[in-house]
Amino acid sequence: MDYRRTMQCAIDYMERNLTGNLDLESIADYSGFSMFHFLRVFSAHTGYTPKEYIRIRRLSKAGNEVLYTRESIRSIARKYCFFSQEAFTRAFKKQHGMTPGKLRRDIYPVYYIAPINLLESVIPIKGGTMKPRIAELGELKVIGLKCVTTMKENKIPQLWNEFNKRCYQVPNRTEDHRAFGICPYVDMKDFDEETPFEHIVGLSVSTLEHVPEGMITHVVPSAKYAVFTHKGALDTLGDTYNEIFRSALAENGLEMDAKAQLELYDDRFKYGQEDSEMDIYIPIK
């Protein structure tokens, strides 16, 4: 699948409907993706969540109309789907640095963001094409901790910090001492950067008995994965994920499946060091 072309079709669809009802479910359906997969791929290609992109494009066009037309500000707000004057003014001021009334009265430059064209832009790929290995992973039993977070809030680092203080309490650990970060599959309507989802961190175990107080158990069914290796410190982990969803899956002819994504931390992982390695397991069809 040509992800860049598919995401450009999604962008074109958004641009055609900026003054109409744009819900993420319809955009994801138009693109042929699940909601969760669409959000990851779109963000990797554009640097925005779909809702962020729609908002800045509506406010960019609204800013031009406030400045260059005599249409009432209330009418412009409604045109770009802000049905509260107060909400429009807050969002407008956040993007343009002033209220619509001040912009029209004092004639300042508009903070305008043009439509993205992925087919004309050149997006640098760090380190070239990523080549995954394909692996079948049997049923995985984990004891650990769970949190509910959002992409915007991101409590996952704090969850790991809490677990690292208690990991010695986990019984029945497998001999390879594998630690996992698990993102169970989600496919929700209107999933965006503020939608809650679960994340689990824990150690692989042989049995789910004698669970320490406050910890949880989780079982990941057997599945087939594309395994990508992230090298270096965790502060560039987001770059690796972006490369996976932006190009690496498509370039290797792989299609993501609706199952949990995993991160594996074993004896190759060295926190904060450049020679550290960890694996990202993307479920594939």
Side-chain angles (χ1 to χ4, degrees), residues 3 24-25 28 33-45 49-51 130 132-164 167 170 178-205 208 215-230 234-246 248-249 254-266 269 271 277-285:
Y3 278 18
L24 296 189
E25 184 179 22
F33 289 130
S34 70
M35 183 70 66
F36 188 71
H37 193 194
F38 171 71
L39 181 66
R40 295 296 297 268
V41 175
F42 187 90
S43 298
H45 277 79
T49 67
K51 279 195 172 181
M130 297 181 71
R133 62 183 175 87
I134 306 303
E136 298 274 354
L137 193 63
E139 182 182 80
L140 174 67
K141 300 183 181 71
V142 168
I143 292 178
L145 297 175
K146 178 176 72 174
C147 75
V148 176
T149 186
T150 65
M151 296 184 73
K152 183 176 182 179
E153 187 177 15
N154 191 12
K155 297 178 181 176
I156 297 173
Q158 295 95 310
L159 184 67
W160 273 109
N161 287 338
E162 183 180 352
F163 179 71
N164 288 337
C167 60
V170 176
R178 295 179 301 170
F180 285 91
I182 303 170
C183 183
Y185 176 77
V186 291
D187 188 6
M188 309 178 198
K189 293 183 179 180
D190 297 326
F191 189 98
D192 64 12
E193 71 274 16
E194 296 183 346
T195 301
F197 64 91
E198 292 183 348
H199 193 84
I200 298 163
V201 302
L203 293 175
S204 61
V205 296
L208 299 176
M215 291 193 181
I216 57 98
T217 64
H218 187 77
V219 178
V220 179
S222 302
K224 184 178 181 180
Y225 297 90
V227 184
F228 297 88
T229 299
H230 170 75
L234 292 180
D235 57 0
T236 59
L237 182 58
D239 295 336
T240 300
Y241 268 107
N242 284 346
E243 187 173 340
I244 290 170
F245 289 107
R246 185 170 60 201
L249 286 173
L254 302 173
E255 185 176 356
M256 187 175 173
D257 201 0
K259 297 178 181 178
Q261 296 178 37
L262 311 176
E263 294 177 354
L264 167 63
Y265 300 84
D266 55 19
F269 179 68
Y271 182 78
E277 294 187 5
M278 50 81 65
D279 291 332
I280 299 170
Y281 283 68
I282 304 296
I284 56 174
K285 295 182 178 179

dist L208:CG -> I143:CD1 (nearest 0.5 Å) comes out at 5.5 Å

Rounding to 0.5 Å, atoms CG (L234) and OG1 (T240) come to a distance of 10.0 Å

task = Please lay out, stage by stage, how F228 and L249 fare under the test side-chain contact (heavy atoms from CB on, under 4.5 Å).
result = CA-CA 10 Å; F228 297 88; L249 286 173; 4.1 Å; yes

For this session: Take T149 and I156 through the test side-chain contact (heavy atoms from CB on, under 4.5 Å) and record every step on the way to the result.
Result: CA-CA 7 Å; T149 186; I156 297 173; 4.2 Å; yes

Would you say that T49 contacts F42 through its side chain, given a criterion of any heavy-atom pair below 4.5 Å between the two side chains?
no

*asked:* One pair to check against side-chain contact (heavy atoms from CB on, under 4.5 Å): L237 and E263. What are the steps and the verdict?
replied: CA-CA 11 Å; L237 182 58; E263 294 177 354; 3.9 Å; yes

Here the gap from E162 atom CD to N164 atom CG, rounded to the nearest 0.5 Å, amounts to 10.5 Å

Note: L264 and M278 closest approach over all heavy atoms is O-CB, 3.3 Å

Here the pair of heavy atoms bringing V219 nearest to K141 is CG2-CG, 4.5 Å

Next item on the list: Show the numbers, then the answer: is there a salt bridge (charged side-chain N to carboxylate O under 4.0 Å, His left out) between R133 and D279?
Entry: CA-CA 10 Å; R133 62 183 175 87; D279 291 332; 3.7 Å; yes

### Task
Take L24 and M35 through the side-chain contact (heavy atoms from CB on, under 4.5 Å) test and state the conclusion after the steps.
CA-CA 7 Å; L24 296 189; M35 183 70 66; 3.6 Å; yes

Worksheet item: Quick check: does any side chain N or O of T150 sit under 3.5 Å from a backbone N or O of E153, one acting as donor and the other as acceptor?
Response: yes

Minimal heavy-atom distance between Y225 and A260, with the atoms involved, is CE2-O, 3.7 Å

Tightest non-hydrogen contact, residues V227 and A135, listed as CG2-CB, 3.9 Å

Nearest heavy-atom approach of R178 to L140 is NH2-CD1, 4.0 Å

Here the gap from I134 atom CD1 to K224 atom NZ, rounded to the nearest 0.5 Å, amounts to 6.5 Å

Sorted by chain and residue number, the ring pair (Phe, Tyr, Trp, His ring centres under 6.0 Å) partners of F180 (sequence neighbours excluded) come out as none

Donor-acceptor contact present, side-chain S222 to main-chain E139, <3.5 Å: yes

Ring centroids only, cut at 6.0 angstrom: are W160 and Y265 within range, meaning strictly under it? yes

Distance col, row K146:NZ vs T217:OG1, nearest 0.5 angstrom, shows 9.5 Å

- Query: Hey, is the main chain of K259 close enough, under 3.5 Å, to the side chain of D257 for a donor-acceptor pair?
  - Reply: no

Rounded to the nearest 0.5 angstrom, the CD1-OG1 distance for I280 and T229 is 8.5 Å

- Looking just at side-chain N and O atoms, do Y241 and Q261 make a donor-acceptor pair shorter than 3.5 Å? no

Ring centre gap for Y3 and F33 strictly below 6.0 Å
yes

Heavy-atom closest pair (H218 atom, P184 atom, distance to 0.1 Å) is CE1-CG, 4.5 Å

